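Notes for the one structure printed next.
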Amino acid sequence: MKKLMLGNEAVARGAYEAGVTVASSYPGTPSTEITEFISKYDEIYSEWAPNEKVATEVAVGAAIAGARSLSAMKHVGVNVAADPIFTASYTGVEGGLVICVADDPGMHSSQNEQDSRNYAIAAKLPMLEPSDSGECKEFIKLAYNISEEFDTPVLFRLTTRVAHSQSLVELSERTEKELGEYKKNSPKYAMIPGYARPKHIAVEKRTQALEEYSSKTEINKIIKGSDKIGVIAAGISYQYAKEAMPEASFLKLGLINPLPMGKIAEFAKSVEKCYIIEELDPVFERQIKAAGIEVIGKELLPLCGEYSAQLIKEKILSEELPKALETEPVPVRPPVMCPGCSHRGVFYVLKKLGLSVSGDIGCYSLGCMQPLDSIDSIVCMGASISALHGMEKARGREFAKKSVAVLGDSTFIHSGITGLIDIVYNKGTSTVIILDNSITGMTGHQQNPSTGLTIKGEPTKQVDLIKLCDAIGIERVVVADPFDVKNFEKVLKEELEADEPSVIIAQRPCALIKKAGYSGLYEISDKCKNCKICMKLGCPAISLAGGKPQIDETLCVGCGLCPNVCPFGAIERVK
């Protein structure tokens with residue numbers, strides 16, 4: 001039976017067919033759907049972990065206990081998970097362990113471009129990369145075989161276009177993998193220096209064995225075409241190159257670390273010119289050129305952004321875009337917070353007060369866009385709190401009175417708690433705003449430890465943010481509705497003046513979940529004095545027509561924020 005599947009869905013199907021029994025992840029685009037689809041298989045225990053480090057450690061523990069396990073994350077999540085990944089390379093596994101990493105060339109939803117193939121090299125781990133959904137499923141199954149045969153975790157690289165594209169997948173039955181007997185084995189799994197030193201030697205021997213395997217495996221294959229042009233590529237880059245140069249010869253790589261150097265040398269000799277086509281870093285190119293093999297790569301192709309078939313044609317074949325396909329430039333449409341967004345009131349007040357804002361990763365990152373234009377800096381998950389503490393220590397208490405950190409409830413659980421502990425322990429006075437919208441919003445409404453529901457929607461213990469802050473040592477915790485802008489402004493001013501750290505929990509559910517309960521709509525009456533204060537909210541439902549504000553009834557969700565900022569009572573609910 002064949003089925004059209006997203007790449008991420010096919011990865012989940014492959015995990016199911018491979019007999020995986022434990023999956024732990026943290027949501028991050030473009031990897032999120034892997035675990036969401038896994039959660040539909042009752043045979044696999046699945047969970048959302050607080051962050052990628054914890055998720056990887058859960059998967060490592062399951063593998064040590066003899067189960068086939070999986071963890072999925074986006075590229076920046078690997079930075080968080082790097083600690084257990086590097087050491088798990090030494091320990092090896094009992095049951096198979098696959099860590100799925102989804103890179104985001106072009107930064108569709110990320111704060112940087114990062115090539116996770118560098119992690120495979122640094123951690124000395126095998127890495128596979130599929131080029132379509134069918135390979136996503138089959139390569140995952142192969143990854144578990146490699147993991148158990150070579151006693152190693154396996155990295156599995158996706159990119160946005162493979163993760164979110166659809167192609168046909170041949171479905172198979174699940175192969176149950178029984179747990180082996182658990183035995184104590186400290187020299188294998190307890191990485192103290194005395195045990196770790198011989199493990200490093202074993203890792204190097206494993207790499208040599210994997211290099212031999214890489215030259216023999218069928219997923220690294222030569223596809224013979226013209227002798228004039230040869231292309232070495234993997235993943236979506238192979239698809240682009242195949243579309244651009246269908247007559248060329250290809251060495252299509254599926255196991256991308258370690259590289260099959262013997263096969264690469266043989267292939268390069270068989271063609272007049274050999275090109276390396278790879279998105280982002282010259283990972284293949286550096287290794288191949290270092291081996292003395294003549295290839296052409298980044299001297300023609302860019303280091304940044306996504307590739308395309310047309311780009312490859314232009315750079316390698318020097319073909320210009322046909323006149324018939326030329327189009328007018330499309331106007332830029334900047335991203336905006338949704339109508340009714342629970343964060344909008346917070347940023348309206350922050351902008352009004354002219355505060356410095358240390359921002360974080362989430363929907364609320366859009367608070368840096370006009371007209372709200374509030375956020376000064378965004379670095380990584382949880383950095384808002386730690387960075388604000390550093391700013392205070394650099395610039396003093398007076399700066400702290402005019403600055404705040406903002407981050408979501410999920411981000412706070414992910415990596416904000418330790419930053420808050422740092423502020424308390426080191427006698428900071430910063431004010432932190434937790435944007436509690438009752439969900440993990442940016443990645444598509446996943447549950448987290450502060451929502452009280454598991455990945456399957458089952459009730460569980462809910463983290464009490466007030467008690468958590470109290471336990472850390474925060475003595476000033478205030479819960480406020482960000483849509484009550486007058487009270488929110490009052491609360492914020494009071495907390496900024498306090499000579500001790502404080503937390504404001506801006507509590508209002510995301511407008512896109514049923515819990516929000518919005519209905520109806522608002523309109524602007526003839527009481528309007530055209531002050532345009534409502535325009536400062538940046539709500540997509542409010543625009544100017546004939547120089548005056550108007551509310552688009554097709555966009556208004558009836559959240560009730562705009563009447564709270566209108567000084568003339570001109571915005572009224574339609575009965």
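Please read all numbers here as calculations on a predicted model, not as lab measurements.
Between I288 atom CD1 and L251 atom CG the span is 8.0 Å, to the nearest 0.5 Å. Taken from NZ in K188 to NZ in K183, the straight-line distance is 13.5 Å, to the nearest 0.5 Å. With values rounded to the nearest 0.5 angstrom, L300 atom CG is found 12.5 Å from E314 atom CD. Here the OG1-CG distance, from T159 to D103, works out to 7.5 Å after rounding to the nearest 0.5 Å. With rounding to the nearest 0.5 angstrom, the CG atom of L420 is 5.0 Å from the CD1 atom of I385. In this structure, CG on L128 lies 7.5 Å from OG1 on T217, to the nearest 0.5 angstrom.
Using modelled atom types and a 3.5 Å distance limit, the side chains of T411 and Y364 yield a donor-acceptor pair. No hydrogens or angles considered: a donor-acceptor pair under 3.5 Å links the side chains of D409 and S450. A donor-acceptor pair shorter than 3.5 Å can be found between the side chains of T440 and N448. Between the side chains of S110 and D104, at least one donor N or O sits under 3.5 Å from an acceptor N or O. Residues N79 and Y119 bring a donor and an acceptor atom of their side chains to less than 3.5 Å of each other. Under the 3.5 Å distance criterion, with hydrogens and angles disregarded, no donor-acceptor pair is assigned to the side chains of S39 and S46. With hydrogens and angles left out, the side-chain atoms of N112 and H75 include a donor and acceptor closer than 3.5 Å. Between Y26 and S410, the side chains place a donor N or O and an acceptor N or O closer than 3.5 Å (distance only, hydrogens not considered).
We find that R206 and E204 are not joined by a salt bridge, their nearest charged nitrogen and carboxylate oxygen being 4.0 Å or further apart. For E43 and R174, the salt-bridge test fails: no basic side-chain N is under 4.0 Å from an acidic carboxylate O. The pair E294-K289 does not meet the salt-bridge criterion, since no charged nitrogen lies less than 4.0 angstrom from a carboxylate oxygen.
Partners of E57 under the side chain to side chain donor-acceptor pair (under 3.5 Å) rule, at least two apart in sequence or in another chain, are K53. Listed by chain and number, the residues in a side chain to side chain donor-acceptor pair (under 3.5 Å) with D360 are S384 (sequence neighbours excluded). For E306, the side chain to side chain donor-acceptor pair (under 3.5 Å) partners are H108, R161, not counting sequence neighbours. Scored by the salt bridge (charged side-chain N to carboxylate O under 4.0 Å, His left out) test, K74 finds no partners at all (sequence neighbours excluded).
A donor-acceptor contact shorter than 3.5 Å links the side chain of S147 to the backbone of L97. When atom types are taken as modelled, the side chain of K2 and the backbone of V169 share no donor-acceptor pair closer than 3.5 angstrom. The main-chain N or O of A59 is found under 3.5 Å from a side-chain atom of S69 such that the two form a donor-acceptor pair. With hydrogens and angles disregarded, a donor-acceptor distance shorter than 3.5 Å links the side chain of E113 to the backbone of G305. Looking at N8, its side chain does come within 3.5 Å of a backbone N or O of P30 through a donor-acceptor pair. In this structure, the side chain of T56 does not engage the main chain of P84 through any donor-acceptor pair within 3.5 Å. The closest donor-acceptor contact from the side chain of N257 to the backbone of L125 lies under 3.5 Å. Formation of a donor-acceptor pair under 3.5 Å by the E94 side chain with backbone atoms of A65 is not found in this model. A side-chain donor-acceptor contact under 3.5 Å links S214 to the backbone of P258. Using modelled atom types, one side-chain atom of E135 and one backbone atom of S131 make a donor-acceptor pair closer than 3.5 Å.
Contact check for V76 versus Q111: side-chain heavy atoms found under the 4.5 Å cut-off. When side chains are defined from C-beta on, K137 counts as touching S172, because their heavy atoms get closer than 4.5 Å. Residues C100 and I140 form a side-chain contact, since some pair of their non-hydrogen atoms from C-beta on lies under 4.5 Å apart. For the pair I99 and F156, the minimum side-chain heavy-atom distance is 4.5 Å or more. Annotation: side chain of E458 is not in contact with side chain of L453 (no heavy-atom distance under 4.5 Å). At least one side-chain heavy atom of P126 sits under 4.5 Å from a side-chain heavy atom of L255. A 4.5 Å side-chain heavy-atom check between I219 and F139 finds at least one atom pair inside the cut-off. Annotation: side chain of L70 is not in contact with side chain of V22 (no heavy-atom distance under 4.5 Å).
For the pair S249 and G225, the tightest heavy-atom approach, listed with the atom from each and the gap, is OG-N, 2.7 Å. The two atoms that bring C136 and A10 nearest to each other are CB-CB, 3.8 Å, heavy atoms only. Closest approach of N220 and G254 over heavy atoms only: OD1-N, 2.7 Å. Summarising the geometry of G235 relative to E129, their closest heavy-atom pair is CA-OE2, 3.7 Å, with the distance given to 0.1 Å. Closest non-hydrogen pair, S71 versus S24, comes out as OG-O, 2.8 Å. Residues V231 and A248 share a closest heavy-atom pair of CG2-CB, 4.4 Å.
Among residues at least two apart or in separate chains, side-chain hydrogen bond (donor to acceptor under 3.5 Å, both in side chains) pairs with a member in residues 267-280 are R117-E278. Pairs engaging residues 208-231 under the salt bridge (charged side-chain N to carboxylate O under 4.0 Å, His left out) rule: K224-D227 [sequence neighbours left out].
Ring orientation note: the planes of F250 and Y238 are nearly perpendicular, at an angle over 60° on the 30°/60° scale.
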Starting from the C-alpha separation in whole Å, work towards a yes-or-no answer on side-chain contact (heavy atoms from CB on, under 4.5 Å) for M245 and I229. CA-CA 9 Å; M245 300 178 290; I229 296 179; 4.2 Å; yes
Is there a side-chain contact (heavy atoms from CB on, under 4.5 Å) between V203 and I201 once you walk through the steps? CA-CA 5 Å; V203 166; I201 297 170; over 6 Å; no
So I296 and I276, side-chain contact (heavy atoms from CB on, under 4.5 Å) or not? Walk me through it. CA-CA 6 Å; I296 302 165; I276 305 286; over 6 Å; no
Please step through side-chain contact (heavy atoms from CB on, under 4.5 Å) for the pair M5 and R13, ending with a clear verdict. CA-CA 9 Å; M5 285 185 168; R13 180 68 191 189; 4.1 Å; yes
Output, in order, the C-alpha distance, side-chain angles, deciding distance and verdict of salt bridge (charged side-chain N to carboxylate O under 4.0 Å, His left out) for K298 and E285. CA-CA 8 Å; K298 294 300 181 182; E285 185 179 341; 6.0 Å; no
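The aromatic ring centroids of Y213 and F150 lie less than 6.0 Å from each other. The distance between the ring centers of Y307 and Y240 does not fall below 6.0 angstrom.
E243 CD: 12 or fewer foreign heavy atoms inside a 6.0 Å radius. The 12-atom threshold is not exceeded at CD of E247, counting heavy atoms of other residues, nucleotides or ligands nearer than 6.0 Å.
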